[in-house]
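Both backbone and side-chain heavy atoms feed into the values below; hydrogens, waters and symmetry mates do not.
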Amino acid sequence: MAHWREQKRERTRNALREAAFRLFAEHGYEDTTVARIAAEAGVSHMTFFRYFPTKEDVVLQDDYDPLLEELIRAQPPDKPALRRVRDAVMSAVPAVYAREREALLLRSRLLLTTPALRSRMGESMDGSRSAFERGLSDPEAAAAPPMAARVVASACTAALTTAITVWVEQDGETDLPALMDQAFDALENSGARNG
């Protein structure tokens with residue numbers, strides 16, 4: 001029963017997100033209301049708020065951070081930290097990109113160009129950075145992640161944010177995984193490969 005409820009929650013959450021992005025693309029972010037998103041998804045506006053605290057959260061929240069944390073943790077521990085993050089990200093991004101390219105481009109464009117979202121973009125970046133830190137750290141350790149893990153996580157987050165920014169500036173014409181690879185190359189070639 002709990003499994004069924006969780007599946008229903010996930011379906012509703014996805015329906016809300018898909019409706020929101022469809023309406024954002026058609027009518028613009030500012031002209032799309034929570035009530036309209038909820039109606040498009042076939043739920044009440046109160047149901048919307050059970051899944052997303054604000055309209056901004058539809059764009060800011062994603063489901064990738066827990067996946068990336070696990071992928072990093074699954075990397076061989078003797079591999080340098082930067083390489084562990086890079087290999088984890090690059091093992092997941094091509095499939096997500098192939099499946100969700102248009103939604104990723106719209107989400108990224110909204111984050112970079114909508115003032116209300118841009119002012120909260122740091123929250124989204126913090127989520128990724130924290131996932132990288134956790135993936136690089138011993139899950140049994142009660143202490144904060146080691147400084148090396150924090151530095152690598154921050155550098156990788158900045159590199160990926162730069163790749164996404166370039167992708168949006170080029171209106172999605174370039175291949176995002178290729179840009180991410182270039183960003184990781186730049187990071188590795190800068191001498192930031194220890195960890």
Side-chain angles (χ1 to χ4, degrees), residues 4-69 71 89-90 92-132 153-154 156-183:
W4 177 82
R5 256 182 275 148
E6 187 55 39
Q7 284 182 325
K8 185 177 184 225
R9 282 187 56 76
E10 190 61 31
R11 278 195 305 273
T12 303
R13 183 180 174 82
N14 288 338
L16 284 165
R17 186 177 276 134
E18 287 169 15
F21 281 110
R22 192 167 45 254
L23 291 169
F24 295 157
E26 291 171 14
H27 305 285
Y29 177 83
E30 298 298 337
D31 291 333
T32 301
T33 64
V34 166
R36 194 167 187 183
I37 294 168
E40 182 84 8
V43 299
S44 72
H45 79 282
M46 292 308 294
T47 298
F48 175 94
F49 291 114
R50 279 190 228 128
Y51 292 86
F52 301 101
T54 66
K55 181 172 78 168
E56 290 90 357
D57 289 305
V58 175
V59 181
L60 291 166
Q61 293 179 10
D62 67 44
D63 304 321
Y64 305 127
D65 293 340
L67 169 69
L68 288 172
E69 178 183 341
L71 289 171
V89 169
M90 296 314 296
V93 165
V96 171
Y97 179 74
R99 190 175 60 245
E100 301 176 26
R101 182 191 176 284
E102 291 307 312
L104 284 170
L105 182 58
L106 177 58
R107 177 179 186 262
S108 300
R109 188 178 287 132
L110 286 169
L111 281 169
L112 292 168
T113 61
T114 306
L117 294 169
R118 192 168 176 92
S119 69
R120 291 186 57 199
M121 197 166 81
E123 293 172 37
S124 182
M125 291 172 60
D126 282 347
S128 297
R129 182 188 44 74
S130 293
F132 294 166
S154 294
C156 289
T157 302
L160 291 171
T161 301
T162 303
I164 291 166
T165 302
V166 169
W167 185 53
V168 169
E169 289 170 352
Q170 296 175 349
D171 205 27
E173 294 296 320
T174 333
D175 181 67
L176 179 59
L179 288 172
M180 289 179 165
D181 238 357
Q182 289 173 27

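Scanning all heavy atoms of the two residues, the minimum distance from Ala183 to Ala159 falls at CB-O, 3.4 Å. Between Leu16 and Ile37 the shortest heavy-atom distance is O-CG2, 3.6 Å. Pairing each heavy atom of Ser124 with each of Leu60, the nearest pair is OG-O, 3.7 Å. The minimum heavy-atom distance linking Thr157 with Ser128 is given by the pair OG1-C, 4.2 Å. Shortest non-hydrogen contact noted between Thr32 and Leu23 is OG1-O, 3.4 Å. What you find for Met90 and Pro177 is that their closest heavy atoms are CE-O, 3.3 Å.
In this structure, the side chains of Gln182 and Val166 stay at 4.5 Å or more apart for every pair of heavy atoms. Two residues are said to be in side-chain contact when any heavy atoms from C-beta on lie closer than 4.5 Å; Met121 and Leu112 meet this criterion. Side-chain contact between Tyr51 and Arg17 is absent, with no heavy atoms from C-beta onward closer than 4.5 Å. Side chains of Val59 and Phe24 form a contact here, defined as non-hydrogen atoms less than 4.5 Å apart. No side-chain heavy atom of Glu56 sits less than 4.5 Å from a side-chain heavy atom of Ser119.
Applying the salt bridge (Lys or Arg N to Asp or Glu O under 4.0 Å) test to Arg118 and every residue at least two apart in sequence or in another chain returns nothing. His45 meets the side-chain hydrogen bond (donor to acceptor under 3.5 Å, both in side chains) test with no other residue; sequence neighbours excluded. For Arg101, the side-chain hydrogen bond (donor to acceptor under 3.5 Å, both in side chains) criterion is met by Tyr97, not counting sequence neighbours. Here Arg120 pairs with Thr54, Asp57, Glu123 under the side-chain hydrogen bond (donor to acceptor under 3.5 Å, both in side chains) rule; sequence neighbours left out. A search for side-chain hydrogen bond (donor to acceptor under 3.5 Å, both in side chains) contacts involving Arg129 returns Asp126, Glu133, not counting sequence neighbours.
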Report the C-alpha distance between Val34 and Phe49 in whole Å, list the side-chain angles of each, state the deciding distance to 0.1 Å, and finish with yes or no for side chain to side chain contact (heavy atoms under 4.5 Å, CB included).
CA-CA 9 Å; Val34 166; Phe49 291 114; 3.7 Å; yes
Criterion side chain to side chain contact (heavy atoms under 4.5 Å, CB included) on Glu30 and Thr114, from CA distance to verdict
CA-CA 8 Å; Glu30 298 298 337; Thr114 306; 3.6 Å; yes
List the steps, then state whether side chain to side chain contact (heavy atoms under 4.5 Å, CB included) holds for Thr12 with Arg50.
CA-CA 10 Å; Thr12 303; Arg50 279 190 228 128; over 6 Å; no
Would Leu160 and Val89 count as a side chain to side chain contact (heavy atoms under 4.5 Å, CB included) here? Give the steps.
CA-CA 10 Å; Leu160 291 171; Val89 169; 4.2 Å; yes
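Listed by first and then second residue, the salt bridge (Lys or Arg N to Asp or Glu O under 4.0 Å) pairs that reach into residues 162-173 are Arg109-Asp171, sequence neighbours excluded.
Residues Thr165 and Thr162 bring no donor and acceptor atom of their side chains to less than 3.5 Å of each other.
Cation-pi contact between Lys55 and Tyr29: present, with separation from the ring centre below 6.0 Å and deviation from the ring axis of at most 45°.
For the side-chain contact (heavy atoms from CB on, under 4.5 Å) with Arg11, the qualifying choice from Arg13, Arg9, Gln7 is Gln7, the only one to do so.
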